[in-house]
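The chain is numbered in sequence order, starting from 1.
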Amino acid sequence: MKAIPLVIPDVKIIEIDLFNDERGFFFESYNNDKFSKAVNRNVNFIQDNHSKSKKGVIRGLHYQVLPYEQAKLIRVVSGEIFDVAFDIRHNSPTYGHYVTAILSSENKRQLWVPEGFAHGFQILTDYAEVIYKVNNAYSIFHEKTINPFDKEININWPIKSNVTWQDKKMFNN
C-alpha cells in the first residue's frame, strides 16, 4: 500500500497492492496496519457506507462539525467518479482550496480525506457504486452541506449537462 499526497498534502491517493493473473485479480481493500503506516496515523473506522448513483449526479459537498467530524476513505467498486475534497480548516494554508481525483473500479485507487474537509463526487459513468469508511458516527445535528456549484469555490465538474444534486438539505451552511 502506498499513500500519494495531493496538492493539499493531507489528502492522499491510496494505491493498493494488486495481484493479477489469468484467473482475475486479488487485493486487500483495507488493512489497518498498512493503512496506518501509509497515512502516518491510527484511524479507527467505525462504519462503511455504500451508495449507487447514475451519470452526472453530484453527491456532496458534505461534512460534519465537532464533535462529529469525519475522516473518510473512499473507493469505487463499479464505475468511475470525479472526487473532490474541499479544505474547510480555518487555520490551514490551503483553506478554501480543493483537490480532485478520478477513482474507478478499473484503477482501484482510494482517496483518504481527513477531518476538516467537505467531500463530494460526481458520477462519470452510466452508474457508479461508491464505498467509503468513516471514523465517526453520522449526526443529523452536526451535518453541513456546501453548495457544490458555489461560484467562489468554482469546482470544474466534468459533466455540465443533466447535473442533479442529490441532497435534501441544500445550502445548509
Checking D10 against R89 for the side chain to side chain contact (heavy atoms under 4.5 Å, CB included) test, could you report, in this order, the C-alpha distance in whole Å, the side-chain angles of both residues, the deciding distance, and whether it holds? CA-CA 11 Å; D10 292 336; R89 303 170 298 171; 2.5 Å; yes
Looking at CD1 of I58 and CZ of F82, how far apart are the two atoms once the value is rounded to the nearest 0.5 Å? 9.0 Å
Grab the two heavy atoms, one from K12 and one from A3, that are nearest each other, plus how far apart they are. CD-CB, 3.8 Å
Could you check whether any side-chain N or O of D87 sits under 3.5 Å from a backbone N or O of S92, counting only pairs where one atom can act as donor and the other as acceptor? no
Rounded to the nearest 0.5 Å, how far apart are OH of Y98 and CG of D83? 13.0 Å
Distance-only, no hydrogens or angles: does the H142 side chain make a donor-acceptor pair with backbone N or O of S139 under 3.5 Å? no
State plainly whether one hydrophobic cluster holds both L103 and I131, where clusters connect Ile, Leu, Val, Met, Phe, Trp and Tyr through side-chain heavy atoms under 4.5 angstrom apart. no
Students should find that the hydrophobic cluster of L73, defined by side-chain heavy atoms under 4.5 Å apart, otherwise consists of M1, I14, I16, L18, F25, F27, Y30, F35, V39, V43, F45, W112
Let me know which of I74, L61, I146 forms a side-chain contact (heavy atoms from CB on, under 4.5 Å) with H119. I74
Quick one: are S53 and Q122 in side-chain contact, heavy atoms under 4.5 Å? no
What pairs with K133 under salt bridge (charged side-chain N to carboxylate O under 4.0 Å, His left out), at least two apart in sequence or on another chain? D48
Contact check, side chains of V76 and E129, non-hydrogen atoms, under 4.5 Å: no
Between N135 and E69, the two heavy atoms sitting closest are OD1-O, 4.1 Å
Please check if I4 and V11 belong to a single hydrophobic cluster, counting links between Ile, Leu, Val, Met, Phe, Trp and Tyr side chain heavy atoms closer than 4.5 Å. yes
What's the shortest heavy-atom distance between S51 and F121, and which atoms? OG-CZ, 3.8 Å
Closest non-hydrogen atom pair, G79 against T125: CA-OG1, 3.3 Å
Same cluster for I88 and Y68 if Ile/Leu/Val/Met/Phe/Trp/Tyr side chains link at under 4.5 Å? no
Listing request: all salt bridge (Lys or Arg N to Asp or Glu O under 4.0 Å) pairs with a residue in residues 96-105, at least two apart in sequence or in separate chains. none
At what distance, to the nearest 0.5 angstrom, does CD of Q47 lie from NZ of K72? 10.5 Å
Heavy atoms of other groups near N40 CG, more than 12 under 6.0 Å: no
Say you draw a straight line from CZ of R59 to CD1 of I81; how long is it, rounded to the nearest 0.5 Å? 11.0 Å
How many angstroms lie between atom CG of N42 and atom CG of N32, to the nearest 0.5 angstrom? 5.5 Å
Close side-chain approach of F19 and D17, heavy atoms under 4.5 Å: yes
Can you check whether S104's main-chain N or O pairs, donor with acceptor, with N107's side chain at less than 3.5 Å? yes
Out of curiosity, does Y63 fall in the hydrophobic cluster containing F149 (side-chain heavy atoms, cut-off under 4.5 Å, transitive links)? yes
Could you pull out the closest heavy-atom pair between E152 and D150, with the gap in Å? N-OD1, 2.7 Å
Is there a side-chain contact between Q64 and Y138, using heavy atoms and a 4.5 Å cut-off? yes
Residue pair T100 / V84, side-chain heavy-atom distance below 4.5 Å: yes
F86 and L66: same hydrophobic cluster, using ILVMFWY side-chain contacts below 4.5 Å? no
Search all heavy atoms of S29 against all heavy atoms of Q110 and return the closest pair with its distance. O-NE2, 3.0 Å
Please round to the nearest 0.5 Å and tell me the distance separating atom CD1 of I102 and atom CG of L111. 11.0 Å
For H90, does the NE2 atom have more than 12 heavy-atom neighbours from other residues, nucleotides or ligands under 6.0 Å away? no
